[in-house]
> 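Quick one: the structure is below, questions incoming.
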Number of protein chains: 2
Amino acid sequence: MAKDVPTDAPYLRIDQVAARTGLTKRTLRYYEEIGLLAPPARTDGNYRLYSPADVARLERVRELKEALGLTLAEINEMIQTEEERDDIRAAFRATHDPAARQAQLERAEAITRQQIELVERKLHTLASTRDALRERLARYSALRTELAAETSS
Amino acid sequence: MAKDVPTDAPYLRIDQVAARTGLTKRTLRYYEEIGLLAPPARTDGNYRLYSPADVARLERVRELKEALGLTLAEINEMIQTEEERDDIRAAFRATHDPAARQAQLERAEAITRQQIELVERKLHTLASTRDALRERLARYSALRTELAAETSS
DNA sequence: CCAGACGTTTACGTCAACGTAAAGGTTATG
DNA sequence: CATAACCTTTACGTTGACGTAAACGTCTGG
């Protein structure tokens with residue numbers, strides 16, 4: 001059982017990925033099914049093998065889902081453009097045509113700006129929600145003080 | 001048709017509320033059905049009449065749904081405690097028992113603190129998402145500069 | 001070598017959050 | 001006063017995001 005190379009092999013089976021990400025095995029397969037995650041590698045026995053990159057992406061998906069409440073389709077869009085950066089770099093390096101490069105860049109920038117706007121709108125709503133909650137807490141404090149005065153009188 | 005009092009009557013029919021809130025009529029009835037909105041007033045003809053408070057609540061619901069991605073059940077909780085403030089004030093005024101008052105206050109404060117925590121967690125995730133997006137924009141800018149230099153050379 | 005614990009696909013079930021259609025009542029307008 | 005444009009309830013349909021079960025393959029320890 002003891003190998004020189006400790007089993008910190010970067011590739012994980014579905015069960016372990018589920019444990020690490022907090023998602024269920026069903027969910028992992030589902031995400032793959034709908035194209036939210038590219039089909040991971042397989043063993044000879046046809047077991048799925050998730051790379052660290054796969055796991056990272058899955059954690060990212062979960063984050064976006066929980067914190068932003070995005071649908072899986074929206075998450076797909078957002079992550080795709082997140083990773084499209086690499087494609088763009090590739091395309092950028094691939095061509096030496098300045099016009100093509102310019103076009104690539106502009107497209108990428110536009111998408112990114114849109115995403116930032118979306119996120120900032122949500123940030124604002126969240127911030128004002130938080131402020132309202134804090135104000136309420138302050139009111140409670142005031143009442144508490146009032147109560148204390150009354151009690152001690 | 002012309003009345004001295006312009007028809008800025010504060011009570012609206014379902015169609016107008018739908019327009020104002022961006023929700024559908026079906027959704028309005030659904031929210032009422034599941035108790036997310038208290039049954040609004042009715043005309044003699046049994047038409048729903050939404051008060052400004054109703055509309056405000058609906059707008060709040062939509063905000064929480066879109067920006068926070070909360071489920072309707074969660075939204076219900078959050079708004080209920082938002083409005084529970086009034087109940088608490090009432091209960092607070094109703095009793096003169098300092099112990100009871102203290103208990104009310106503590107319960108309310110605990111709930112509010114929980115909600116603040118939730119919101120702040122989401123705020124953090126959102127903020128880091130935004131930062132990542134901004135960094136990407138910066139990289140694009142760098143590439144753009146690089147490109148410009150190349151082009152002009 | 002085989003039992004048990006993992007994995008696989010396939011497929012039907014479920015729950016929230018509505019959409020949509022049917023069958024009818026109300027009200028403003030020509 | 002009839003027709004159109006609203007409204008009502010009731011009820012079944014749909015979509016997203018999975019849960020759950022069946023039937024089967026794979027691998028590991030005793």
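Because only heavy atoms are used, hydrogens play no part in the values below, and waters and symmetry mates are left out as well, while side chains stay in. These numbers were taken from a predicted model, which means no experiment stands behind them. So that the names make sense, note that chain A is the first sequence line, chain B the second, and so on, each numbered from 1.
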> If an axis is fit to five pairs at each end of the helix from C:dC1-D:dG30 to C:dG30-D:dC1, what is the angle between the two, to the nearest 10°?
10°

> Which residues pass the side-chain hydrogen bond (donor to acceptor under 3.5 Å, both in side chains) test with A:Ser128, not counting sequence neighbours?
none

> Contacts to DNA chain C from residues 20-39 of chain B, heavy-atom cutoff under 4.0 Å, which residues?
B:Thr24, B:Arg26, B:Thr27, B:Tyr30, B:Tyr31

> Scan residues 66-73 of chain B against DNA chain C and write down, sorted by residue number, each residue with any heavy atom closer than 4.0 Å; if none is found, say none.
B:Thr71, B:Leu72

> Tell me, please, which residues at least two apart from B:Arg134 pass side-chain hydrogen bond (donor to acceptor under 3.5 Å, both in side chains).
A:Glu120

> A:Arg13: what forms a side chain to side chain contact (heavy atoms under 4.5 Å, CB included) with it, not counting sequence neighbours?
A:Gln16, A:Tyr47, A:Leu49

> I'd like to check the side-chain hydrogen bond (donor to acceptor under 3.5 Å, both in side chains) partners of B:Arg57; sequence neighbours left out, ordered by chain and number.
B:Glu83

> Check side-chain hydrogen bond (donor to acceptor under 3.5 Å, both in side chains) between A:Arg48 and all other residues, then give those that pass, not counting sequence neighbours.
A:Glu32

> Is the phosphate of C:dT9 approached by A:Arg42 (side-chain N or O, under 4.0 Å from OP1 or OP2)?
yes

> Under 3.5 Å, which N/O atoms of the protein pair with N/O atoms of nucleotides 21-25 of chain C?
residue : atom : partner : partner atom : Å
C:dG25  : N2   : B:Tyr47 : OH           : 2.7

> Please give me every residue in residues 53-60 of chain A whose heavy atoms get under 4.0 Å of an atom in DNA chain D, ordered by residue number.
none

> Output the single nucleotide from D:dC7, C:dG7, D:dA17 whose closest atom is nearest the side chain of A:Lys65.
D:dA17

> With rounding to the nearest 0.5 Å, note down the distance linking CG in B:Leu70 to OG1 in A:Thr129.
9.0 Å

> Pick out the pairs of N or O atoms, protein on one side and nucleotides 21-24 of chain D on the other, that lie under 3.5 Å.
none

> Would you say D:dT8 has OP1 or OP2 under 4.0 Å from some side-chain N or O of B:Arg48?
yes

> What integer distance in Å separates A:Glu74:CD from D:dA17:C1'?
14 Å

> Show which side-chain atoms of residues 72-79 of chain A pair as donor or acceptor with protein atoms under 3.5 Å away, not counting sequence neighbours.
residue : atom : partner : partner atom : Å
A:Glu74 : OE1  : A:Thr71 : N            : 2.8
A:Glu74 : OE1  : A:Thr71 : OG1          : 3.4

